[in-house]
Colleague: 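Just passing along the structure, written as structure tokens.
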Amino acid sequence: MTHQRAFSLVILFVSLVSFSVRAADWPQWRGPGGSGVAHEKGLPVTWSATENVRWKAALPGRGLSAPVIANGRVYVTACSGPDEERLHVLCFDEAGGKKLWERSFRATGTTLCHPKTNMAAPTPCTDGKHVYALFATQDLACLDAAGNLVWYRSLTGDYPTVGNNVGMASSPVLWKDLLLIAVENAGESFGVAIDKKTGKNRWRVARPRGINWVTPAVIEHGGRAEAVFQSGGDVTAYDAATGTSRWTFAGKGISTIPSPVYADGLLLVPGERFLALRPETSGEAPPQVWSSNKLPTGYASPVAYGGRVYTVSAKGVVNCADLATGKPLWSQRLEGAFAASPLAAGGKIYVVNEDGAATVLRAGARAEVLGGGEVGEKILASPVAANGALYLRSDGHLYCIAEKKGR
């Protein structure tokens, strides 16, 4: 091999590393695959506003969005102003928390919503080279890692009847070069795949009208990728590349707030009865493997981890069941009201109540509280973990929590 060829291969390798999502990164809502599972070890079991805080960064306004982390950068959204018409995208250095840049935009869609939510409810996503930020106003921005605007899209400008006076919250999901977005509301409702390079539609399918906050899921089985959209009366899978309908599971009482999770070949669907479906490649409606009324979810999406499924009710009851059979294993009542989805990492389950008090439970066949912490601020955003650190987001601050070296 010549020196010139060797040098070229090194440059190519560095380029691929520099602009790709690392295995321990957290690139979208609920992390890789939307699972809520982080492949992390050594996350803190206890913390406070001062203990085990690696860094703390001020935010310009409210937000329910969780941070996303890739390639050494942490991205988060916020909203500000009397009517939350000012939309913010911020970028922080992952190692030290220094703010690298902030960009703001003025909303083009309605800012009406329930007091509990706000315009920075959807979580952004990133491919390591760009960040894609969607707001409840249905404004969608693509910025590069340096904060330069690549393209901007007003979905309410394109579809004027889109609106949800309670507040929209479904997050974009990145699959290959497509952004998958659910726009289900009282107006024109649809699922759309947007080209991440141009901001233009690649495919769009009609969805049932009705207020819905569920984030789509991408499942891969049988060599095929399917985009799963969930509403109160159906779960439908579309070919992720083309939007062609693959199958539909129809039912009543399916959740319009918590999102589905795919694990061990099962699609876990929250609702009045928690369902476990087994998608097949035949195009037929997936068979129901089990259902349970012992796994209430409230606002929080479930997490499947270590052969078990965990749910958190709005009133603070954590339930655990066997993933394969749905058999209940244990329940643990916690204090407070809960909106954030649980995080699984390092053999533990992290849950955070609305007052910002977190409980760390051992993942396993019996309930065991290991610790917890609080930062003294209200938290509705879901916790995330990446590269050895836990992240908590309030309306006022973003916290990076990690064990101090030498402990």
Colleague: So, for Ala182 and Val214, which heavy atoms are closest and what is the spacing to 0.1 Å?
Modeller: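 The answer is CB-O, 3.9 Å.
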Colleague: Under the criterion side-chain contact (heavy atoms from CB on, under 4.5 Å), I'd like the reasoning laid out for Trp101 against Arg73: C-alpha separation, chi angles, the key distance, then a yes or no.
Modeller: CA-CA 11 Å; Trp101 53 261; Arg73 300 190 174 214; 3.7 Å; yes
Colleague: Any idea which heavy atoms bring Trp55 and Ala57 closest together, and the distance?
Modeller: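 Closest approach of Trp55 to Ala57: CZ3-CB, 3.8 Å.
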Colleague: Which atom pair, heavy atoms only, marks the closest approach of Leu390 to Leu43?
Modeller: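 So the minimum-distance heavy-atom pair works out to N-CD2, 3.9 Å.
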Colleague: Test of understanding: with ring-ring contact (aromatic ring centres under 6.0 Å, His included), list the residues that count as partners of Tyr305, not counting sequence neighbours.
Modeller: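 Checked Tyr305 against ring-ring contact (aromatic ring centres under 6.0 Å, His included); zero matches.
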Colleague: Any donor-acceptor pair under 3.5 Å linking the side chain of Ser382 with the backbone of Ser341?
Modeller: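 Judged by distance alone, yes, a pair lies under 3.5 Å.
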Colleague: Under the ring-ring contact (aromatic ring centres under 6.0 Å, His included) test, which residues partner Tyr132, sequence neighbours left out?
Modeller: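 Scan of Tyr132 (ring-ring contact (aromatic ring centres under 6.0 Å, His included), adjacent residues dropped) gives none.
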Colleague: What pairs with Phe105 under ring-ring contact (aromatic ring centres under 6.0 Å, His included), at least two apart in sequence or on another chain?
Modeller: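 If we apply the ring-ring contact (aromatic ring centres under 6.0 Å, His included) test to Phe105, skipping adjacent residues, the hits are Tyr152.
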Colleague: Without swapping roles, check the side chain of Trp203 against the backbone of Ala240 for a donor-acceptor pair under 3.5 Å.
Modeller: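 Yes: the side chain of Trp203 pairs with the backbone of Ala240.
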Colleague: Check ring-ring contact (aromatic ring centres under 6.0 Å, His included) between Tyr159 and all other residues, then give those that pass, not counting sequence neighbours.
Modeller: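 Tyr159 satisfies ring-ring contact (aromatic ring centres under 6.0 Å, His included) with Phe190 only.
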Colleague: Grab the two heavy atoms, one from Glu85 and one from Arg106, that are nearest each other, plus how far apart they are.
Modeller: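 Residues Glu85 and Arg106, closest heavy atoms: CG-NH1, 3.0 Å.
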Colleague: Do the non-hydrogen side-chain atoms of Pro342 and Arg30 ever get within less than 4.5 Å of each other?
Modeller: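 Counting from C-beta outward, Pro342 and Arg30 do come under 4.5 Å.
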Colleague: I want to check something: taking the side chain as every heavy atom from C-beta on, are Gln332 and Val369 in contact at a cut-off of under 4.5 Å?
Modeller: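 Yes, their side chains come closer than 4.5 Å.
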Colleague: Name all pairs fulfilling the salt bridge (charged side-chain N to carboxylate O under 4.0 Å, His left out) condition that reach into residues 382-400, sequence neighbours left out, sorted by first residue then second.
Modeller: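 Salt bridge (charged side-chain N to carboxylate O under 4.0 Å, His left out) check on residues 382-400 returns Arg62-Asp395.
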Colleague: Is a side-chain N or O of Asn353 found less than 3.5 angstrom from the main chain of Glu335, in a donor-acceptor match?
Modeller: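 Judged by distance alone, yes, a pair lies under 3.5 Å.
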Colleague: Quick one: does any side-chain atom of Arg86 pair with a main-chain N or O of Cys79 as donor and acceptor, under 3.5 Å?
Modeller: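 Side chain of Arg86 to backbone of Cys79: no pair is present.
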Colleague: Between Ser245 (side chain only) and Gly243 (backbone N and O only), is there a donor and an acceptor less than 3.5 Å apart?
Modeller: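 A pair under 3.5 Å: no.
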Colleague: Only pairs at least two apart or in different chains count here, so list each salt bridge (charged side-chain N to carboxylate O under 4.0 Å, His left out) that has a residue in residues 262-276.
Modeller: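 Listed by first then second residue: nothing to list.
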Colleague: Treating Asn319 as the side-chain partner and Leu295 as the backbone partner, does any N or O pair qualify as donor plus acceptor under 3.5 Å?
Modeller: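 No, Asn319 side chain to Leu295 backbone: no donor-acceptor pair under 3.5 Å.
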Colleague: Which residue pairs pass the salt bridge (charged side-chain N to carboxylate O under 4.0 Å, His left out) test when at least one of the two sits in residues 278-289, sequence neighbours left out?
Modeller: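 Listed by first then second residue: nothing to list.
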Colleague: Do Thr111 and Thr137 have side-chain heavy atoms sitting under 4.5 Å apart?
Modeller: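 The answer is yes; the side chains approach within 4.5 Å.
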Colleague: Have Thr256 and Asn212 got a donor and an acceptor in their side chains that come within less than 3.5 Å?
Modeller: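 Per modelled atom types, Thr256 and Asn212 side chains form no pair under 3.5 Å.
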Colleague: According to ring pair (Phe, Tyr, Trp, His ring centres under 6.0 Å), does anything in residues 207-258 pair up with another residue at least two apart or in another chain? List the pairs.
Modeller: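 Counting only pairs at least two positions apart or across chains, the ring pair (Phe, Tyr, Trp, His ring centres under 6.0 Å) contacts touching residues 207-258 are Phe229-Tyr238.
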Colleague: Specify the closest pair of heavy atoms between Ser171 and Pro216, including all atoms of both residues, with the distance to one decimal.
Modeller: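 It is O-CD, 3.8 Å.
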Colleague: Closest heavy-atom contact between Ala38 and Leu343?
Modeller: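 Of all heavy-atom pairs spanning Ala38 and Leu343, the closest is CB-CD1, 4.2 Å.
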Colleague: Please identify which of these residues, Val131, Val76, Val74, Leu100, meets the side-chain contact (heavy atoms from CB on, under 4.5 Å) condition with Leu90.
Modeller: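 Exactly one pass, corresponding to Val76.
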Colleague: Which donor-acceptor pairs under 3.5 Å do side chains of residues 354-361 form with protein atoms, sequence neighbours excluded?
Modeller:
residue : atom : partner : partner atom : Å
Glu354  : OE2  : Lys116  : NZ           : 2.8

Colleague: Please name all residues satisfying salt bridge (Lys or Arg N to Asp or Glu O under 4.0 Å) with Arg204, sequence neighbours left out, ordered by chain then number.
Modeller: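 With neighbours one apart ignored, the set is Glu188.
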Colleague: Between Asp239 (side chain) and Arg246 (backbone), is there a donor-acceptor pair under 3.5 Å?
Modeller: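 No.
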Colleague: So which pairs with a foot in residues 161-180 pass salt bridge (charged side-chain N to carboxylate O under 4.0 Å, His left out), sequence neighbours left out?
Modeller: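 Sorted pair list: Asp177-Arg202.
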Colleague: How about Pro32 and Trp26: do any of their side-chain heavy atoms sit closer than 4.5 Å?
Modeller: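 Side-chain contact under 4.5 Å: yes.
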Colleague: Suppose we screen for salt bridge (Lys or Arg N to Asp or Glu O under 4.0 Å). Which residues come up paired with Asp158, at least two apart in sequence or across chains?
Modeller: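 Testing Asp158 for salt bridge (Lys or Arg N to Asp or Glu O under 4.0 Å), a comparison that skips the adjacent residues, returns Arg153.
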